[in-house]
Amino acid sequence: MREVARQHGLDYSLVRKWRDNYHQHGVMGLRKKYTHRSVAFKLEALETMWREGLSRHQTEVLFDIRECGVIGR
């Protein structure tokens with residue numbers, strides 16, 4: 001992945017996120033997705049992250065959140 005990122009001038013973490021989204025959601029995980037998330041959805045994502053000890057990246061992949069850094073915000 002690092003080599004692919006380097007060859008295409010991409011950040012390694014972006015390539016890793018694309019790979020993880022593909023593994024979790026198939027081709028649909030690579031498509032653009034614009035969605036408004038409810039407070040309940042956001043709370044569920046955060047509670048799952050804390051309860052299961054997931055990283056922000058793992059939580060974004062699990063909940064199909066494609067905007068970079070949205071969990072941190």
Side-chain angles (χ1 to χ4, degrees):
M1 286 187 305
R2 288 190 192 281
E3 181 61 23
V4 168
R6 188 190 63 71
Q7 287 176 357
H8 296 280
L10 299 169
D11 188 271
Y12 164 75
S13 64
L14 179 61
V15 175
R16 182 184 67 166
K17 184 170 184 149
W18 288 344
R19 180 209 56 196
D20 293 347
N21 281 343
Y22 179 77
H23 282 225
Q24 184 75 26
H25 304 286
V27 173
M28 294 302 293
L30 300 176
R31 295 199 173 152
K32 283 192 173 200
K33 180 180 178 183
Y34 300 99
T35 191
H36 174 75
R37 293 180 181 83
S38 68
V39 171
F41 176 87
K42 294 172 185 177
L43 186 58
E44 180 185 357
L46 290 173
E47 287 176 342
T48 300
M49 181 177 79
W50 295 325
R51 183 179 57 251
E52 297 184 18
L54 301 174
S55 69
R56 287 183 289 190
H57 171 74
Q58 290 170 319
T59 305
E60 288 171 352
V61 170
L62 180 64
F63 283 87
D64 198 19
I65 299 170
R66 302 196 192 143
E67 305 90 278
C68 292
V70 75
I71 295 289
R73 291 188 299 256

query = What distance do I65 atom CD1 and N21 atom CG have between them, rounded to the nearest 0.5 Å?
reply = 10.0 Å
request  = Check the pair D64 / Q24 against side-chain contact (heavy atoms from CB on, under 4.5 Å), numbers first and verdict last.
outcome  = CA-CA 8 Å; D64 198 19; Q24 184 75 26; over 6 Å; no
request  = For M28, look at atom CE and say whether over 12 heavy atoms of other residues, nucleotides or ligands are found less than 6.0 Å away.
outcome  = no
request  = Spell out, yes or no, whether W50 and L54 are grouped together once hydrophobic residues are joined by side-chain heavy atoms under 4.5 Å, including indirect joins.
outcome  = yes
query = Is the count of non-hydrogen atoms from other residues, nucleotides or ligands lying under 6.0 Å from Y12 atom OH greater than 12?
reply = yes
task = Would you give the length of the straight line joining atom CZ of R37 to atom CD of E44, rounded to the nearest 0.5 angstrom?
result = 12.0 Å
inquiry  = Ignoring hydrogens, what is the shortest heavy-atom contact between V61 and H25? Give both atom names and the distance.
reply    = O-NE2, 2.8 Å
ask   = V27, W18: one ILVMFWY side-chain cluster at the under-4.5 Å cut-off?
value = yes
ask   = Can you pull the salt bridge (charged side-chain N to carboxylate O under 4.0 Å, His left out) pairs that have at least one residue in residues 2-29, sequence neighbours excluded?
value = E3-R6, K17-E60
